[in-house]
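In this text, all values refer to a predicted model and were calculated from it rather than measured experimentally. Sequence lines set the chain letters: A, B, ... in the order given, protein chains first and strands last, and positions in each chain run from 1.
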Amino acid sequence: MSKKIRLVDENGIRTDGRKPDELRPIKLEVGILNNADGSAYIEQGKNKILAAVYGPREVHPRHLALPDRALLRCRYHMAPFSVQERKSPAPSRREVELSKVIREALEPAIFLERFPRTSIDLFIEVLQADGGTRAAGVTVASLALADAGMPMRDLVAACAAGKADGYIVLDLNDIEDKEGEADVPVAYMPSLNAVGLLQMDGQLTPEEFEQAFNLAIEGCKRIYELQKQALKAKYLAIKEAVEEAVE
Amino acid sequence: MTSTTISRIRQNQIAQLIASNKRLDGRGLTDYRPIQIETGIIEKAEGSARVRLGKTEVMVGIKIDIGEPYSDRPNEGVLTTSAEFVPLASPEFEAGPPGEDSVELARVVDRGIRESKAIDLEKLCVIPGKKVFIVFIDIYVLNHDGNLIDASALAALAALTNTKIFKYEIKDGEVEIKPGFEELPLVNFPVAVTLAEIDGKLIVDPWLDEEEVMNARLTISFDKDGRICAMQKGGSGTLSPQQIIEAVKIAKEKSEELRSLVVKKS
């Protein structure tokens with residue numbers, strides 16, 4: 001493999017102008033789809049992702065129902081137009097795996113035992129992908145669950161860290177994800193100090209991994225604060241609307 | 001994926017024993033079950049191996065074919081990994097298209113091999129941009145007694161070590177197969193180590209009953225130089241950051257032990 005694009009320049013600045021430990025700009029909105037019981041939208045860099053929750057509701061097919069808790073189902077899906085070359089809308093093996101790990105990141109956050117014999121169906125649609133969609137997917141899905149009024153132990157914040165041009169960097173963008181040396185996505189519940197999603201690909205020494213992992217946790221904590229703001233913003237907007245109506 | 005196929009009494013027994021650093025089958029917390037590896041067991045496959053990890057049994061067959069490269073990697077061979085949960089391996093397995101567990105298994109094994117650059121894919125280019133070798137790694141689970149990931153990764157590595165590629169010549173832009181074989185350019189030796197978390201304790205190589213009880217598992221793949229090349233957390237529980245760092249340390253040690261079973265120290 002010949003030397004390609006430079007991911008971090010001599011001043012330690014990345015292709016999109018960020019410092020190694022900087023997140024991309026993040027915009028979060030809660031409660032944006034009418035039919036869903038809960039919904040949220042995230043923009044993180046050029047990522048644009050929607051999440052919607054339906055449930056708790058009756059399980060179909062019925063034999064999947066669990067006697068002691070709700071069944072959480074999760075579908076992570078990429079729109080055909082979300083990437084450079086059109087992606088077939090049929091679920092790929094990557095999407096099957098990501099749906100599983102995202103579900104496993106969110107399951108421990110929800111009090112599923114409160115809703116036996118029901119299903120909670122979570123849909124994540126990636127409208128535009130720019131690297132780090134599984135992490136952004138977890139972040140936005142967690143907000144959609146909270147928006148649906150789901151009783152939760154904590155919000156789940158997710159963020160990736162990795163290695164690009166020898167630097168440990170936070171929140172990899174598309175080029176860093178593809179051309180960088182390693183990618184470590186992490187989902188984390190700050191008040192429980194619990195990691196629900198952890199994957200890695202690339203090559204890292206155990207020491208580098210520890211650095212990247214700690215940086216990802218740091219990123220999760222920052223995203224967590226943004227999540228809380230976004231949830232509050234929805235209710236502040238409602239409050240203002242009500243106050244205006246009363247006046 | 002906790003199912004209710006083992007009784008609460010047994011679940012409690014497993015958890016209580018682990019709390020006092022013991023296991024139901026008499027192993028220490030970081031011990032693997034006995035491992036047996038056989039290679040070259042399927043003559044029609046270009047490479048093959050069977051791994052027995054306790055009662056877990058996995059076969060891997062490797063087939064080589066000639067096909068087209070990916071458009072973004074015109075000078076590299078293609079690697080594809082699939083896993084089949086054959087219904088004869090467990091009462092829980094059903095015939096049909098691959099479920100999410102088998103997709104995950106194949107992708108985690110694939111990630112270890114791909115990210116460690118175990119196969120020198122550039123050497124598998126036949127006609128740049130047109131023809132390359134395709135390496136099919138097919139994981140066949142024959143008996144499921146837990147920790148399919150480690151058994152499969154080990155079987156895949158063992159199978160790759162005895163994989164032969166047929167010789168060929170190019171005549172008028174067409175590939176013709178000649179008699180004789182060459183060795184697959186295998187340059188790295190990744191192995192996967194899986195730990196399970198049960199009641200705050202980490203154990204290596206969970207067997208089926210322990211998988212039923214575990215909160216979460218973490219698989220870490222190491223290459224021959226002790227670098228991490230793949231990771232996967234599974235299960236619907238969580239791990240603390242401290243446990244993850246601890247797991248990396250344990251897994252690194254165990255990975256060397258596993259690799260020495262397949263690759264003799266040079």
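- A donor-acceptor pair under 3.5 Å is absent between the side-chain atoms of E104(A) and the main chain of S236(B), judged by distance alone.
- Considering all non-hydrogen atoms of both residues, G237(B) and P108(A) come closest at O-CG, 4.2 Å.
- For a residue to count as touching a neighbouring chain, one of its non-hydrogen atoms must lie under 4.5 Å from one of that chain's; by this rule L218(B) touches chain A with the side chain only.
- Nearest heavy atoms, M200(A) versus I228(B): CE-O, 3.1 Å.
- Heavy-atom contacts from other residues, nucleotides or ligands closer than 6.0 Å to CD of Q242(B) number more than 12.
- Heavy atoms closer than 4.5 Å to chain A are found in the side chain of D223(B), but not in its backbone.
- With a 6.0 Å radius and a threshold of 12 heavy atoms from other residues, nucleotides or ligands, R86(A) has its CZ atom above the threshold.
- For the pair Q203(A) (side chain) and E115(B) (backbone), a donor-acceptor distance under 3.5 Å is present.
- Chain A is approached within less than 4.5 Å, heavy atom to heavy atom, by no residue from residues 191-207 of chain B.
- The minimum heavy-atom distance linking K233(B) with V195(A) is given by the pair CE-O, 4.4 Å.
- A 4.5 Å side-chain heavy-atom check between K249(B) and P206(A) finds every atom pair outside the cut-off.
- Between R227(B) and L204(A), every side-chain heavy-atom pair lies at or beyond the 4.5 Å cut-off.
- A 6.0 Å sphere centred on CD1 of I9(B) holds no more than 12 heavy atoms belonging to other residues, nucleotides or ligands.
- Within 6.0 Å of atom OH in Y140(B), 12 or fewer heavy atoms from other residues, nucleotides or ligands are found, so the atom counts as exposed in its surroundings.
- A salt bridge links E97(A) and R111(B); the closest N-O separation between the charged side-chain nitrogens and carboxylate oxygens is under 4.0 Å.
- Residues D201(A) and M231(B) form no side-chain contact, since every pair of their non-hydrogen atoms from C-beta on lies 4.5 Å or further apart.
- No other option in N193(A), D183(A), L197(A) has as many heavy-atom pairs under 4.5 Å with chain B as N193(A).
- Note on E100(B) versus K100(A): no salt bridge recorded, every NZ/NE/NH1/NH2 to OD/OE distance being 4.0 Å or above.
- By the 4.0 Å N-to-carboxylate-O rule, E104(B) lies too far from R93(A) to be salt-bridged with it.
- Other residues, nucleotides and ligands place more than 12 heavy atoms under 6.0 Å from the CD atom of E113(A).
- When side chains are defined from C-beta on, I245(B) counts as touching F209(A), because their heavy atoms get closer than 4.5 Å.
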Legend entry - Check against side-chain contact (heavy atoms from CB on, under 4.5 Å), V108(B) and Q199(A): CA-CA 10 Å; V108(B) 173; Q199(A) 295 182 292; over 6 Å; no
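- There is no contact between Q243(B) and chain A, counting heavy-atom distances below 4.5 Å.
- A 6.0 Å sphere centred on CD of E225(A) holds more than 12 heavy atoms belonging to other residues, nucleotides or ligands.
- In this structure, the portions of A230(B) lying under 4.5 Å from any heavy atom of chain A include both its backbone and its side chain.
- Contact of L198(A) with chain B is made through backbone and side chain together, with heavy-atom distances under 4.5 Å.
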